[in-house]
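A short write-up of the structure that comes next.
Just the heavy atoms: all of them, side chains too, but no hydrogens, waters or symmetry mates, feed the values below.
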Amino acid sequence: FSAFNTDAIRNADFQAGGFPVRYGGRLSSVLEISTKEGNPKGGMLGKNWPLKKYWDITGMSFDVSLLSSKVFIEGPIYNGGYIFSARRTYFDKVADAFHSLNDTIPTIPYYFYDLQWKAHSQITSSHRLDIQGYHGADNLTLDFSTPGTESQSFDFNWIWGNTTNSAILKSIVRPDLVAETMVARSVYDFDVDFSQTTTDTAGNEVTTRFLIRNALYDLTLGEKIDWKINDSHRAQLGLEYKQFQFDFSFNNDGITYLDEDRQPRLFSLYAQETWQVNVLLNFQFGISCSTYSLSDRPWTDLRGGFKYRLRENTALKGSIGSYTQFLFTSNQDDAVLRIVDFWLPVPEYQDPQRAIHYVIGVEQWIGDGHKLSLEGYYKPYLNVLDANPIQSVYDEDDDYIAGTGLAFGIETIFKRSVGDLTGWVSYTYSHIEKRIDLDGDGTIEERSGEVYAPKYDKEHNFNLVVNYRLNKKNAIGLSWNWSSGQPYTPVIGKMYGGSGTSGWYQPYLYQNSLSGDRNTSQYPAYVRGDINFTRKLDWFGWDGQFKFQILNFTNHFNVLLYQWNHTTLPSQVTATSMFPIIPTFGFSFRI
C-alpha cells in the first residue's frame, strides 16, 4: 500500500539532507508533497446544471481491487478548481473470509483509510485562496499467545492517524514580489490498548491492561515573501508562529501513572538568498532564528549550498549547515514490536536536538530521459534525546537524557523515463549510531551497549522498479527490494520471575527473557518482489485498466519479530513473518 494517494498527488520532493532554511524545525530530512489543482473544465453535470457557475464535475475515477478501493473527483469551483479523493484498504476482510474457509490461511489484522481534498479560487487578479485538508487513520489488531503454551496471551489494538487543514492566501504585491499568508492546524493521535492474560496451573486467570495515548496538536500561522530582486538574485523571507499542545498518558488497570499536558510555543524567522552567478554556478545562503518557550535562549541555524555545471550534462552540488528540532520521539530502540513513535516537546531541562549536515553529490544527464546521480552525506548529531532507562520517580527532570549520534552514507540512483522500458534502480549504503550514557556513570562505553544502532538502521538497501510497455494496451512491471535486516536486542538467557499479582509470592512460576546489549543482533535480510500486469480497457466509453498483481511473488519469509518460549528445554524461538505471497486483481475506470 502506498503511503500517498497518487491520484491526488501532483509531485513529491524528498530531500534527505542539506535542505534550505525555509524548511524550519526539521532535523534530518524533508518530504514536500504538492496536491493536484483540479481540472476546471467542468461540463459533466450538463449544460442545464443550475450551479454550473459555482460547482461542476470534470471527471471521476474509480479503482477497485481485492486490496483496496479508492475514488477521485475533480472539477471547477467558483473561479478555480477542486479535487476530492478517498480510499480504504479492506484486505483484512478478504483475508478473514478466506481464513474462515481454510484456517491455514493467515489473517491480516490491519487496515487504513484516508480522505484528501483541495479547492482554490482566484478571488481577484492579484489574490488567490487555497484551502485543503487531509485525514487518515491506521488500525492494527494482534491477538496471540506465547509459542508452545497457552499460559500467556496478548491482545494489542493500535489506532493512529493524522488530520490537517490549511488555508493559504497568495498575493501578488507587484510583479517581482509575491506574499503568502497561511494558517494551518494539524493533529497526530495515537492510541494503544494492550492487555496480557496469564493463566496459572490451576486455571486462574489474571489480566493486566495498559492504555496509552499520545496526541500532538499544532496550530501554525505563517507569512512568506518571495522577492525576485533581479536576474541574478532572489530573496525569500518568512516568519512562523506555532502553538503546540501535547497529551501523553499511561494507564494501568484503571490507575493513571502518567498524564502530561504541555503547550509550548515556537516562533521562527528566516532569510534565504539565491545568487545565480552565471549560467554555470549558483549559490544559496540562509539564516534562521527561533525562540522556544521552554528554552531560555534563541537558536540560530546557518546553511549554504552550491550547484556548478562541470559540463553541459554534468552538475556538481554540495551543502553544509546546522539544523535544530524542538520535537523528538521517545520509544524503546530495543522494543520487540515498534509500530509508531511517541512525539514529545523538548523539555525545559534539555537543549533541542541539533545536527550538522555535510552533503556532496554529482548529477549526470545521459541523453534525453536518463539521469544518474551519486550523493554522499555525513551528519553528526550534536544532541539527541531518548527516554532515561534509570529515571527516578522523585525527579521530574530526568525522564529524558541527551546523547549524540552519527549518520553517514552514499546514495546512487539511475532513472530512465523515455521509451517502452522505464524505471529506476538505486543503491544506498548507510551507517547510523547513537551514543548515550544509559547507566548514568558519566562515560559512554561501547562494551556496555551505550554505542548502538537504532532500530531503523539498515546498512545496505537496493531497489529496482521496471515498467515495460508490451504494446498499446498491455504492460508489465516489476519492483524488487533487498535490504539489510533491522537490528534487534537478542535474548541471551532466561531467569525466573513471577507475573502479574502472583509475582511476589510465586517468584518461580514463570521464566522471563534475559536481554543482551541493545540492538547487537540483526534480523535476516528483507527481500520482497512484486510483479504486475495491466491492460487498457474501453468499456461503455470509459477509459479503464485491468490490473493483476502478485505481492512478494517469491513468498520470501520476512521476519517481523521473534517470540521466545521458555517453558521448553532448551528454550525455543518462533519467528513471525510480515506477509506471504499475495495475488490480487482489480479494475480502474475514468469517466
Side-chain angles (χ1 to χ4, degrees), residues 10-23 26 28-34 176 226-236 271-287 301-323 355-380 407-431 459-469 478-481:
R10 181 181 62 187
N11 184 51
D13 180 24
F14 178 68
Q15 300 185 54
F19 45 90
V21 292
R22 68 177 182 271
Y23 302 107
R26 279 79 173 175
S28 296
S29 58
V30 164
L31 178 61
E32 183 177 25
I33 301 171
S34 302
D176 61 344
D226 194 333
W227 179 23
K228 185 178 181 181
I229 302 173
N230 52 46
D231 291 339
S232 300
H233 295 275
R234 176 188 176 190
Q236 293 176 290
Q272 183 173 295
E273 154 76 4
T274 302
W275 177 24
Q276 188 71 44
V277 180
N278 51 48
V279 294
L280 300 178
L281 178 65
N282 70 70
F283 289 101
Q284 190 176 82
F285 309 97
I287 181 173
D301 287 323
L302 297 172
R303 301 174 198 174
F306 75 92
K307 190 169 187 178
Y308 177 66
R309 286 189 175 270
L310 298 171
R311 289 182 290 184
E312 181 180 359
N313 294 323
T314 307
L316 178 69
K317 59 182 181 179
S319 62
I320 183 174
S322 60
Y323 296 78
I356 306 293
H357 290 194
Y358 304 92
V359 182
I360 190 74
V362 62
E363 297 176 342
Q364 176 72 49
W365 291 267
I366 309 171
D368 295 332
H370 298 78
K371 181 181 177 182
L372 174 67
S373 67
L374 175 66
E375 187 172 274
Y377 62 90
Y378 182 83
K379 301 178 185 178
F408 61 83
I410 57 171
E411 300 176 344
T412 181
I413 184 170
F414 173 75
K415 294 182 180 180
R416 175 184 167 90
S417 55
V418 294
D420 293 334
L421 180 66
T422 59
W424 50 271
V425 57
S426 70
Y427 168 74
T428 299
Y429 168 81
S430 63
H431 174 79
E459 190 174 22
H460 302 282
N461 197 326
F462 173 82
N463 284 283
L464 173 67
V465 176
V466 178
N467 296 288
Y468 182 65
R469 186 172 57 191
L478 164 71
S479 65
W480 185 269
N481 173 246

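With no hydrogens or angles considered, no side-chain donor-acceptor pair links His431 and Glu459 at under 3.5 Å. At a cut-off of 3.5 Å, with distance as the only test, no side-chain donor of Ser232 or Gln276 sits close to an acceptor on the other residue. Between the side chains of Asn461 and Asn481, at least one donor N or O sits under 3.5 Å from an acceptor N or O. His357 and Tyr378 share no side-chain donor-acceptor pair at under 3.5 Å. Residues Asn11 and Asp13 bring no donor and acceptor atom of their side chains to less than 3.5 Å of each other. Between the side chains of Tyr377 and Glu411, not a single donor N or O lies within less than 3.5 Å of an accepting N or O.
The list of salt bridge (Lys or Arg N to Asp or Glu O under 4.0 Å) pairs with a residue in residues 312-323, not counting sequence neighbours, reads Lys317-Glu363, Lys317-Glu375.
Seen from the ring of Trp365, Arg416 does not count as a face-on cation partner, given the 6.0 Å and 45° thresholds.
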Review point. What's the verdict on salt bridge (charged side-chain N to carboxylate O under 4.0 Å, His left out) for Lys228 and Asp226, showing C-alpha distance, side-chain angles and the deciding distance?
Key: CA-CA 7 Å; Lys228 185 178 181 181; Asp226 194 333; over 6 Å; no
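Put simply, CG on Leu281 and NZ on Lys307 are 12.0 Å apart, with the number rounded to the nearest 0.5 Å.
Here Tyr308 pairs with nothing under the ring pair (Phe, Tyr, Trp, His ring centres under 6.0 Å) rule; sequence neighbours left out.
Between Phe408 and Tyr358, the distance from one ring center to the other does not fall under 6.0 angstrom.
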